[in-house]
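Below: the structure, in structure tokens.
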Amino acid sequence: MWTDERVELLKKLWNDGLSASQIAVELGGITRNAVIGKVHRLGLSGRAKSPAAAVPRQRKPRAAAPILRVARPAMRGNTALARAPVYEVEYEQEVEAVANVVPMGQRCTLLELGEGKCRWPVGDPGSTDFFFCGGRTSDGLPYCSYHARIAYQPVDRRRDKRLGRV
DNA sequence: CCCTGATTCGC
DNA sequence: GCGAATCAGG
């Protein structure tokens, strides 16, 4: 039922650049088809050419969130502990870099993981920004080729690579 | 496959 | 007027 109120909200959200499905969720109890249909009838159709570019995703909203780290391969017992402070800082840089590389489309949650999806974790598991890579697994490994490359390098080499000392 | 908006057409 | 089904595109 399109009350004046809901139509008003629809106009606002549509002009704010939200997608039809997002608006459908906001309004509730309605499908994106209904939203699109209404948008057409209102003559609001035709927006920004590239919605993807129009909606820049936020990153690093939190300044100093507590870091909960997941276990990662290639960590070597004692030495890992010794270099933890340094690694911590660099890990955040790595996350930022990786987060900008992994396409939105393939990212997935824990429950969405499955055979053939890269299980590499990106970010702080406690954060809403956290996600698993979800890329195509390579050669039966649980990682995509990109992350497999990182996973099987010793910590030292990985750090060197990040610091441009390769 | 995930998603996007556009269009059609029976209700 | 409404929106599910379908289409075309990324």
Side-chain angles (χ1 to χ4, degrees), chain A residues 1-63 65-74 90-153 158 161-162:
Chain A
M1 209 283 198
W2 286 108
T3 63
D4 291 350
E5 212 173 42
R6 287 165 68 82
V7 172
E8 197 87 10
L9 185 54
L10 166 62
K11 288 179 181 175
K12 179 187 181 301
L13 296 177
W14 183 258
N15 287 326
D16 283 351
L18 289 178
S19 71
S21 60
Q22 287 176 312
I23 295 174
V25 172
E26 290 293 321
L27 291 175
I30 211 175
T31 67
R32 74 181 199 93
N33 281 316
V35 171
I36 292 173
K38 187 60 179 175
V39 162
H40 257 257
R41 272 170 254 127
L42 289 173
L44 300 175
S45 61
R47 262 195 318 201
K49 316 300 179 186
S50 55
V55 185
R57 64 193 185 83
Q58 55 155 17
R59 49 187 189 88
K60 300 200 71 179
R62 283 153 296 290
I67 295 189
L68 261 184
R69 202 104 46 66
V70 294
R72 37 202 27 251
E90 292 174 354
Y91 178 58
E92 291 195 54
Q93 297 173 347
E94 176 181 310
V95 166
E96 189 178 355
V98 172
N100 288 326
V101 168
V102 180
M104 293 296 293
Q106 74 178 36
R107 303 179 180 197
C108 65
T109 66
L110 174 63
L111 295 182
E112 289 164 347
L113 277 180
E115 288 297 325
K117 288 195 177 181
C118 177
R119 292 163 164 74
W120 195 268
V122 181
D124 176 357
S127 160
T128 53
D129 288 344
F130 179 82
F131 61 87
F132 288 96
C133 171
R136 264 207 192 166
T137 282
S138 63
D139 303 323
L141 295 175
Y143 309 109
C144 64
S145 57
Y146 178 76
H147 288 121
R149 209 175 301 134
I150 298 175
Y152 296 106
Q153 279 180 17
R158 286 158 61 185
K161 187 176 183 182
R162 280 194 297 276

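Since the model is a prediction, treat every value here as computed from it, not as a measurement. Below, read A as the first sequence line, B as the second, and so on, with proteins coming before strands; counting in each chain starts at 1.
The distance from atom CG of A:L13 to atom P of B:dG5 is 12 Å, rounded to the nearest whole Å. What separates CZ of A:R41 from P of B:dT7 is a distance of 14 Å, to the nearest Å. A:R107 has its CZ atom 18 Å from the P atom of B:dC2, to the nearest Å. Rounded to whole angstrom, the span from the CE atom of A:M1 across to the C1' atom of C:dG3 amounts to 15 Å. Rounded to whole Å, the distance from CD1 on A:I36 to P on C:dG3 is 12 Å. In this structure, A:L10 places its CG atom 14 Å from C1' of C:dG1, rounding to the nearest Å. Residue A:I23 contributes atom CD1, which lies 16 Å from atom P of B:dC3 at whole-angstrom precision. Across the protein-nucleic acid pair, A:F131 atom CZ and B:dC2 atom P stand 19 Å apart, rounded to whole Å.
Remark: A:L110 engages A:L113, A:F132 in a side-chain contact (heavy atoms from CB on, under 4.5 Å) (not counting sequence neighbours). Applying the side-chain hydrogen bond (donor to acceptor under 3.5 Å, both in side chains) rule to A:S21 yields the partners A:S19; only residues at least two apart in sequence or on another chain are considered. When the side-chain contact (heavy atoms from CB on, under 4.5 Å) test is applied to A:V7, the partners found at least two apart in sequence or on another chain are A:W2, A:K11, A:K38, A:L42. A:K12 pairs by the side-chain hydrogen bond (donor to acceptor under 3.5 Å, both in side chains) definition with A:D16, not counting sequence neighbours.
Considering SG of A:C133 and CZ of A:R119, their distance stands at 11.5 Å, rounded to 0.5 Å. One distance of note links OG1 of A:T3 with CD of A:E8; it measures 10.0 Å at 0.5 Å rounding. Atom CG of A:L44 sits about 6.5 Å away from atom CG of A:N15, to the nearest 0.5 Å.
Here A:K38 does not reach the OP1 or OP2 of C:dG3: none of its side-chain N or O atoms lies under 4.0 Å away. Within the structure, every side-chain polar atom (N or O) of A:H40 is placed at least 4.0 Å from both OP1 and OP2 of B:dG5. Look at A:S21 and you'll find a side-chain N or O under 4.0 angstrom from OP1 or OP2 of B:dT4. At the phosphate of C:dG3, OP1 or OP2 sits under 4.0 Å from a side-chain N or O atom of A:W2.
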Report summary line: Readout for nucleotides 4-10 of chain C: B = base within 4.0 Å of protein heavy atom, S = sugar-phosphate only, - = neither; 5' to 3' it is BBB----

